[in-house]
Undergrad: 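Please find one structure pasted underneath; my questions will follow.
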2 protein chains.
Amino acid sequence: MERTDDLGALVFRLGRRLLAMEQPILARHDLSMWAYAVLTALSDSPMRTQAALAASIGADKTRLIPVLDELQRRGLIDREPDPADRRVRLLGVTAEGRRVHGSIQAEIRAGEDEILAAVPAEDREAFLRTVAALAPR
Amino acid sequence: MERTDDLGALVFRLGRRLLAMEQPILARHDLSMWAYAVLTALSDSPMRTQAALAASIGADKTRLIPVLDELQRRGLIDREPDPADRRVRLLGVTAEGRRVHGSIQAEIRAGEDEILAAVPAEDREAFLRTVAALAPR
DNA sequence: TATTGTTATACTCTATAACTATA
DNA sequence: TATAGTTATAGAGTATAACAATA
């Protein structure tokens, strides 16, 4: 298949399109993209350190701190010192956090489905399979 | 197909992976990603205004100026006032600019092929077709 | 008065390094 | 002395608004 545009440029533009779709949804729930990423990661499984969480979502540990402060303040995550080693913070999502995450994710999935509706079902399957295979982590 | 990760997150991560692959290539040629994007756009077709160029690559017109200054200084682009309307700058790529762009693009394509080699040929075709269809512009 | 390009400025995002508290 | 987390700071990237030149 002869390619006219670089794959990087295409992926970059698609990423921007998806972000533009997500932005109003996140804004409505008053959450940043990173806050949503944290909720996604912690909904998947709790973590024992902030550094591990940062690594798992590809963020710097220092720029996660205000995000965690805010999520904790709003009661969306649990964050408490490990009694066994009080340097580390045990992290998890609260029931309310899981609820908020679920409702945002449902809206985002609907937006994605709308975008994906433009391509034939077979291509869509192969596309999703391939993106998942090529994306790190 | 049930999706575990959000499509946005997958595309974001793949974009970062592609950028990481491209970065050393661009650095070797001492060009920024935006400079390369400008060369790509102008290689495709010359443009009559900087604003049109900025819009075509999804950049702000003000942040393109230092990029154009540098590309012009290095003789990779032509940039001259239109005699018919001296407010506008006619933009085009020079022979040297086309040569540089071609050699960078070849390296980037090779890197992309290496990444794409991990997926079966049928999926690859559908994937490329779909990314191109979903990416704006 | 409107438009193109430019400059100056401010703002956001991000990373680096220094600091604290625990071990 | 090493590690987890935090704070302070600086740097890059980006956008906003004011400005100059031309129409």
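What you see is a predicted model; the values in this text were computed from it and never measured. Letters go in sequence order (proteins before strands), and every chain restarts at 1.
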Undergrad: Looking at B:T62, is its backbone amide N or carbonyl O close enough to the side chain of B:D60 to form a donor-acceptor pair, meaning the two atoms are under 3.5 Å apart?
TA: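 Looks like yes, one N/O pair under 3.5 Å.
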Undergrad: Which word best sums up how the rings of B:F12 and A:W34 line up, parallel for under 30°, tilted for 30 to 60°, or perpendicular for over 60°?
TA: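 Plane angle over 60°, so perpendicular.
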Undergrad: OP1 or OP2 of D:dT14 versus the side-chain N and O atoms of B:W34: is any pair under 4.0 Å?
TA: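 For B:W34, the contact criterion (side-chain N or O under 4.0 Å from OP1 or OP2 of D:dT14) is met.
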Undergrad: Is the shortest side-chain N to carboxylate O distance from B:D113 to A:R3 below 4.0 Å?
TA: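 Answer for the salt bridge query: yes.
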Undergrad: Tell me the interatomic distance from B:R89, atom CZ, to C:dG5, atom P, rounded to whole angstroms.
TA: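 The answer, rounded to whole Å, is 7 Å.
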Undergrad: Under 3.5 Å between N/O atoms: give me all the protein pairs with nucleotides 20-23 of chain C, atom names plus distance.
TA:
{"unit_1": "C:dT22", "atom_1": "OP2", "unit_2": "A:R86", "atom_2": "NH2", "d": "3.4"}
{"unit_1": "C:dA23", "atom_1": "OP1", "unit_2": "A:R86", "atom_2": "N", "d": "3.1"}

Undergrad: Could you tell me whether the side chain of A:T94 and the main chain of A:L76 form a donor-acceptor pair under 3.5 Å?
TA: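 Yes: the side chain of A:T94 pairs with the backbone of A:L76.
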Undergrad: Could you check how far CD of A:E70 sits from C1' of D:dT6, rounded to whole Å?
TA: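 Distance check: A:E70 CD to D:dT6 C1' gives 18 Å.
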Undergrad: Just do the salt bridge (Lys or Arg N to Asp or Glu O under 4.0 Å) check on A:R74 and A:E96 with the steps written out, would you?
TA: CA-CA 9 Å; A:R74 287 167 58 178; A:E96 172 68 1; over 6 Å; no
Undergrad: Near DNA chain C, under 4.0 Å by heavy atom, which residues of residues 51-68 of chain A?
TA: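 Correct list: A:D60, A:T62, A:R63.
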Undergrad: Measure CE/A:M47 against C1'/D:dA4 and give the value in whole Å, please.
TA: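 Result: 16 Å.
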Undergrad: Under a 4.0 Å threshold between the charged nitrogen and the carboxylate oxygen, would B:R48 count as salt-bridged to B:D82?
TA: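 So B:D82 pairs with B:R48 through a salt bridge.
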Undergrad: Quick one: A:L19 CG to D:dT14 P, roughly how many Å, whole number?
TA: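 Roughly 13 Å, once rounded to whole Å.
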Undergrad: Within the distance-only criterion (no hydrogens, no angle test), does the side chain of B:E112 pair as donor or acceptor with the backbone N or O of A:L7 below 3.5 angstrom?
TA: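 Yes, because the side chain of B:E112 sits within donor-acceptor range (under 3.5 Å) of the backbone of A:L7.
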Undergrad: Starting at atom CD of A:Q23, determine the distance to atom P of C:dT12, rounded to an integer number of angstrom.
TA: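 To the nearest whole Å, that distance equals 14 Å.
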Undergrad: Charged N to carboxylate O below 4.0 Å: is that the case for B:R79 and B:D69?
TA: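 Yes.
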Undergrad: Whole-Å distance between D:dT22 P and B:E80 CD?
TA: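 From B:E80 CD to D:dT22 P: 16 Å.
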